[in-house]
2 protein chains.
Amino acid sequence: MFQLSKKVEYGLIVLRHMAMKPRGQVFTAKELANEYEIPYELLAKVLQKLAKSGIVVSMQGVKGGYALGQKPEAIIVSDIIRVIEKERPMLAGCYVDGPLSCSIFDICTIRKPLEKIQKNINSLFDKMTIQEIV
Amino acid sequence: MFQLSKKVEYGLIVLRHMAMKPRGQVFTAKELANEYEIPYELLAKVLQKLAKSGIVVSMQGVKGGYALGQKPEAIIVSDIIRVIEKERPMLAGCYVDGPLSCSIFDICTIRKPLEKIQKNINSLFDKMTIQEIV
DNA sequence: TAATATAGGACTACTGTAGTCGTATTTATG
DNA sequence: CATAAATACGACTACAGTAGTCCTATATTA
């Protein structure tokens, strides 16, 4: 429980890889998947999501691939997670899906107190950039 | 993803409940389950785990039930989680189950950087006690 | 036109979680 | 001492989310 998904891990790994090479260099999903022994199709989808959000830029066709879309120090870990998972890492389901998602929302006594921890966690992911995992 | 389990939520809710009442007061799993609309059998198991670890004390038989085993300010949230889930909240599976649990452990480049965030999260849960969610 | 790359939807398999059920044991009390 | 009410606990089921696969379409270079 309480773990980042494999998709997020794969995303972080390849973004870091790109960040370590000269700016603008292009990588194919295939070579990245080989390098890190990541299932190709899965990584491809991750890269497509990162591309849609501009974290990487994609080029189709022969000689295509992906390159970083921003400077490593501008790529925030919490953005990466949100792009890949469509949500921040949340301690409780009700933080994500609201009152209707929890049968005891009204009488829950721990939602507010846990928000303190939630905020702190948010700030950890907000502060870390790809630059810092190079 | 990245959420505390319902069991942990239920555990926190009832421990807080107990902490708000006079020291030594005894509560049955049934009344706690009713009060917070928690499935009785599930809550019972949570309480049994908390009892085994001494966070609560249990008394069998008629007029039995559970009472807090320690002062609210001595009951640490991270201990509650560990007792109920048998592990801390971990960002990555390999932090829990070691190298053999991850096919790319050796070539993973993000394990160490993420440990910084992991440590910060640990400390958040280590610092919060039941006293603070009353 | 062929080869190579991204784009993306549909599908399967697996795992973990939430919740249920059944039964044994303990203990207060009439 | 019998009964009722409580904890103790293992086995089981149902469901949801994740990881991973497959297939086809589209773009681009040579």
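Keep in mind it's a predicted model, so treat the numbers as computed, not measured. Residue numbers begin at 1 in each chain, while the letters A, B, ... track the order of the sequences.
Between A:Glu115 and A:Lys112 there is no salt bridge, since none of the side-chain N atoms of the basic residue sits less than 4.0 Å from a carboxylate O of the acidic one. The pair A:Asp126-A:Arg88 meets the salt-bridge criterion, since a charged nitrogen lies less than 4.0 angstrom from a carboxylate oxygen.
If you check distances only, the side chain of A:Gln60 does reach the base of C:dT6 with a donor-acceptor pair under 3.5 Å. Contact of A:Lys49 with C:dG8 (side chain to base): no donor-acceptor pair of N or O atoms is detected under 3.5 Å.
Across all strands, B:Ala29 comes closer than 4.0 Å only to sugar-phosphate atoms, never to a base (heavy-atom distances). In this structure, A:Tyr10 reaches the sugar-phosphate backbone alone: every heavy-atom distance under 4.0 Å involves primed, P, OP1 or OP2 atoms, never a base.
Atom pair B:Glu9:CD and C:dT17:C1' shows a separation of 12 Å (rounding to whole Å applied). Straight-line distance from the NZ atom of A:Lys45 to the C1' atom of C:dA5: 17 Å, rounded to whole Å. Computed from coordinates, the B:Lys6 NZ to C:dT20 P distance equals 13 Å when rounded to whole Å. Between A:Met59 atom CE and C:dT4 atom P there is a gap of 19 Å when expressed in whole angstrom units. Across the protein-nucleic acid pair, B:Phe2 atom CZ and C:dG16 atom C1' stand 17 Å apart, rounded to whole Å. One can place CD of B:Glu37 at 13 Å from P of C:dG19, the figure rounded to the nearest angstrom. Distance B:Asp97 CG to C:dG16 C1': 12 Å, rounded to the nearest Å. Rounded to whole Å, atom C1' of C:dA28 lies 8 Å from atom NZ of B:Lys63.
A donor-acceptor pair shorter than 3.5 Å can be found between the side chains of A:Ser5 and A:Glu85.
Both B:Lys30 and B:Ser103 lie near DNA chain D, and the one whose nearest nucleotide falls closer to the 5' end is B:Lys30. Where A:Thr28 and B:Pro39 each meet DNA chain C at their nearest nucleotide, the meeting point lying more 5' is that of A:Thr28. Mapping A:Leu42 and B:Gly65 onto DNA chain D by nearest heavy atom places B:Gly65 closer to the 5' end of the strand. Each of A:Glu41 and A:Val62 has a nearest nucleotide on DNA chain C; the 5'-most of these lies closest to A:Val62.
Inter-axis angle, ends of the helix from C:dT1-D:dA30 to C:dG30-D:dC1, five pairs per end, rounded to 10 degrees: 0°.
The side-chain heavy atoms of B:Leu47 and B:Ser58, taken from C-beta on, include no pair separated by under 4.5 Å.
Only one option out of B:Leu32, B:Val77, B:Ile133, B:Leu50 pairs with B:Leu15 in a side-chain contact (heavy atoms from CB on, under 4.5 Å); it is B:Leu50.
B:Ile107 and A:Ile13 end up in the same hydrophobic cluster when Ile, Leu, Val, Met, Phe, Trp and Tyr side chains are linked at under 4.5 Å. A continuous path of Ile, Leu, Val, Met, Phe, Trp and Tyr side chains, each step under 4.5 Å between heavy atoms, connects A:Leu4 with A:Met90, placing both in one hydrophobic cluster. The same ILVMFWY cluster, assembled from side-chain heavy atoms under 4.5 Å apart, contains both B:Val83 and A:Leu114. A chain of hydrophobic side-chain contacts below 4.5 Å, direct or via other Ile, Leu, Val, Met, Phe, Trp or Tyr residues, connects B:Phe27 to B:Leu68.
Where DNA chain D meets chain B (any atom under 4.0 Å from a heavy atom), the bounding nucleotides read 5' to 3' are D:dA4 to D:dT18.
A:Phe2 has its ring centre less than 6.0 Å from the ring centre of B:Phe2.
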